[in-house]
Amino acid sequence: MAKVLTSRNESYAQWYNDLVIKADLAENSAVRGCMVIKPYGYAIWEKMQRVLDDMFKETGHVNAYFPLFIPKSFFSKEADHVDGFAKECAVVTHYRLKEGEDGKGIEVDPDARLEEEYIVRPTSETIIWNTYKNWIQSYRDLPILVNQWANVVRWEMRTRLFLRTAEFLWQEGHTAHATKEEAITETETMLKVYAKFAENWMAMPVVQGHKTASERFAGALETLTIEALMQDGKALQSGTSHFLGQNFAKAFDVTFANDKGEVDYVWASSWGVSTRLMGALIMSHSDDNGLVLPPKLAPIQVVIVPIYRKSEDLEKIDLVANKIVDNLKKRGISVKYDNDDKRKPGWKFSEYELKGVPLRFAIGPRDLENGTVEVARRDTLSKEVVSLEGIDAKAEALLDEIQNGIYNKALKYREDNTRSVDSYEDFKRLLDEKGGFFLCHWDGTAETEELIKKETKATIRCIPLDSPEEEGKCMVSGKPSKRRVLFARSY
RNA sequence: CGGGGUGUAGCACAGUCCGGUUAGUGUACCUGCUUUGGGAGCAGGGGGUCGCAGGUUCGAAUCCUGCCACCCCGACCA
């Protein structure tokens, strides 16, 4: 087969970029740092959205929509928040254009300067809490469990398709609660939702945990995260859920009367996942032949390719294939019968492999004669000839098998590349040699964390929720530590 | 913002040092015939403000000046 992708060994970054473009997921646009998500890539994102949206609704949330623009003054109301985002904000300063002085082109009308500039939202806490102020008077108005599907803009210096773009799509949940405990429970609940989605749908194992103080969301008291390990040994933060305490309520003066008649500030959480999940999905399973998609998120789960010489042969194959299509659809399997005469079978095989279609059926003259179908699996690249009889049930079983198979493969990779290390020397050496996750003791100080980051580029991805208590010594300072934390280099 | 690099057909690139036929190759595209169980073969064809603006010259993709854009490495990145 003609090689269309740079191999992962040669350059993982180049492989990733090639794959995103060749599989028709996305491409760079005329706008610096902003991508065009192409129909095939968007179809995957839509599947993710649908599943997540259902999960949000099941946990009691409703959708709403808030403005793209945020008055500049809102931003400075929460000190940490403005510090965190100030350096990457796009700002709207004018509201009108006019014809250029020289009669050519068009320019910003200097007379149309806004009195107060608007920030294009990098996240919506401020505009939402300013709004919640008007919604909340009493504990009877709580909780508010709202989610928004939106685009946000963060003017990143260096961007990569899906992983870090100047504009990206996401959902952001913003909840308001009467008690601290309830807000914390919400934060934890949504982290579990993300973890479940990642593992059961994306087939991507994740480590759940707390961020350290220096890695927290700007304005949060606690940030929970799911961290996944990519094939090149780097970590990818795949979703976060924040306990915001009363910070935003205080900043926007959102108070309520509790059931005892006392006035208190409202407790908050916020949580989000973005199109970055597309990057996570790609890097978790794909290979040098292209994308490998988990069946549950694949826009096309089964593709059928006819092999024929004459149009009479194709007509016979059409009959068989259309019957398979009907039967698969009855089982809720999405199927495409590609009898496009303009492309040849070999081309189609490569194309669907590149696009990660989990199952491919090929039907040719031999199969017509024998009542068989050639079934090819994308995950293992194996092929077998099976009886046409019961092919739909077989497909359903195989899709399940692939879903589980790629999860287990990713889990095994993560287990093989997660190391408990006690000496800083070993840590540095193994980080360079192998990468991956490292479970190490840390003294809990920001200074040590910063030192390690400076010397190795590795950061504390999280303090895992399931990390057992264990007496140990910090691998750098030697000071006592009660549990291991998760280190990795990350995207 | 610092360091390095690149702009030539949809895409990938050669040609630039050392100025000179009609600007070339691969791929993609179009037509025809033969093909079709792993990205087919042959033949023919279309497609170019050589990043932009000036300058030098009989003559500029090539030399000079200015500008612009993009990429890589750093800095930045809840």
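Excluded from the calculations below are hydrogen atoms, water molecules and symmetry mates; all remaining heavy atoms, backbone and side chain alike, are included. So you know, we letter chains A, B, ... as the sequences are listed, proteins then strands, and number each from 1.
Nearest-nucleotide positions on RNA chain B place Pro306(A) closer to the 5' end than the other of Trp170(A) and Pro306(A). Nearer to the 5' terminus of RNA chain B, by closest-nucleotide assignment, is the contact made by Leu381(A) (compared with the other of Glu215(A) and Leu381(A)).
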Under the ring-ring contact (aromatic ring centres under 6.0 Å, His included) criterion, do Phe427(A) and Phe438(A) qualify, and how do the steps go? CA-CA 8 Å; Phe427(A) 175 78; Phe438(A) 291 85; 5.2 Å; yes
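Within 6.0 Å of OH in Tyr118(A) there are 12 or fewer heavy atoms belonging to other residues, nucleotides or ligands. Within 6.0 Å of CD in Glu384(A) there are more than 12 heavy atoms belonging to other residues, nucleotides or ligands.
Phosphate proximity of C77(B) to Arg164(A): absent, as no side-chain N or O sits under 4.0 Å from OP1 or OP2. OP1 or OP2 of G74(B) has at least one side-chain nitrogen or oxygen of Lys457(A) nearer than 4.0 Å.
Note: NZ (Lys342(A)) to P (C29(B)) measures 12 Å, nearest angstrom. At whole-Å resolution of the value, CG in Asp313(A) and P in U35(B) are 13 Å apart. In this entry the distance linking CH2 of Trp155(A) with P of A75(B) reads 22 Å, nearest Å. Note: CG (Asn28(A)) to P (A69(B)) measures 16 Å, nearest angstrom. Taking atom CG on Leu5(A) and atom P on U27(B), their separation rounds to 19 Å, with Å as the unit. As a whole-Å value, the separation of Asn339(A) CG from U36(B) P is 19 Å. For the pair Asp24(A) CG and G10(B) C1', the interatomic distance rounds to 14 Å; values are reported in whole Å. For the pair Glu156(A) CD and G74(B) C1', the computed distance is 16 Å after rounding to whole Å.
Between Lys316(A) and Glu312(A) no salt bridge is recorded (no basic side-chain N to carboxylate O distance below 4.0 Å). Under a 4.0 Å N-O distance rule, the pair Asp232(A)/Arg8(A) does not qualify as a salt bridge. Checked for salt-bridge contact, Glu315(A) and Lys310(A) miss the test: no charged N lies under 4.0 Å from a carboxylate O. Using a 4.0 Å cut-off between charged side-chain N and carboxylate O, Glu353(A) and Arg378(A) make no salt bridge.
Spacing between G3(B) and G19(B) at atom C1', rounded to whole Å, works out to 32 Å. Going from the P atom of C29(B) to that of C11(B) covers 15 Å, rounded to whole Å. Taking the C1' atoms as reference points, C63(B) lies 16 Å from C50(B), given to the whole Å. To the nearest whole angstrom, the two P atoms, one in A23(B) and one in U27(B), are 22 Å apart. Atom name C1', nucleotides G4(B) and A75(B): the rounded distance is 15 Å, in whole Å. For C64(B) and G20(B), the P atoms lie 15 Å apart once the distance is rounded to whole Å. Between U31(B) and C72(B), the distance separating the two P atoms is 38 Å to the nearest Å. Between the C1' atoms of U16(B) and G2(B), the separation comes to 29 Å (whole Å).
Side-chain proximity of Arg309(A) to the nucleotides U35(B), G39(B), G37(B) is greatest for U35(B). Listed candidates were G39(B), G37(B), C77(B). Nearest to the side chain of Ile307(A) is G37(B). Candidate nucleotides G39(B), C29(B), A40(B) were compared by shortest atom distance to the side chain of Lys344(A), and A40(B) ranks first. Listed nucleotides C77(B), G37(B), G39(B) differ in distance to Arg366(A); the shortest reach to its side chain belongs to G37(B). Closest contact between the side chain of Lys87(A) and the listed nucleotides C76(B), G37(B), C29(B) involves C76(B). Among the nucleotides G39(B), A40(B), G38(B), the one closest to any side-chain atom of Trp347(A) is G39(B).
Under the rule for a ring pair (Phe, Tyr, Trp, His ring centres under 6.0 Å), Tyr491(A) has no partner lying at least two apart in sequence or in another chain. Partners of Tyr16(A) by side-chain hydrogen bond (donor to acceptor under 3.5 Å, both in side chains), not counting sequence neighbours: none found.
The aromatic rings of Phe56(A) and His61(A) lie perpendicular to each other, with more than 60° between the two planes, well past the 30° mark. Note: Phe217(A) and His242(A) have parallel aromatic rings, judged against thresholds of 30 and 60 degrees for the angle between ring planes. Taking the six-membered ring for Trp and thresholds of 30 and 60 degrees, Trp170(A) and Phe168(A) have ring planes more than 60 degrees apart, a perpendicular arrangement.
A side-chain contact (heavy atoms from CB on, under 4.5 Å) with Phe361(A) holds for exactly one of Leu388(A), Asp367(A), Leu328(A); it is Leu328(A).
Residue Arg360(A) is in base contact, counting any heavy-atom pair closer than 4.0 Å across all strands shown. Residue-level contact check: Gly84(A) touches neither bases nor backbone, having no heavy atom under 4.0 Å from any strand.
Remark: RNA chain B takes part in the stems B:1-7 with B:68-74, B:10-13 with B:24-27, B:29-34 with B:40-45, B:51-55 with B:63-67, each of 3 or more antiparallel Watson-Crick or G-U pairs, criterion distances under 3.5 Å.
Interface residues of residues 74-82 of chain A facing RNA chain B, ordered by number: none; criterion, heavy-atom separation under 4.0 Å. Scanning residues 367-374 of chain A for heavy-atom distances under 4.0 Å to RNA chain B yields Asp367(A), Glu374(A).
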Which pairs would a plain distance check flag for residues 339-346 of chain A, meaning a side-chain donor or acceptor within less than 3.5 Å of a matching protein atom at least two apart in sequence or in another chain?
residue: Asp340(A); atom: OD1; partner: Lys342(A); partner atom: N; Å: 2.8
residue: Asp341(A); atom: OD1; partner: Tyr308(A); partner atom: OH; Å: 2.5

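Applying the 3.5 Å distance criterion, the base of G37(B) shares no donor-acceptor pair with the side chain of Lys348(A).
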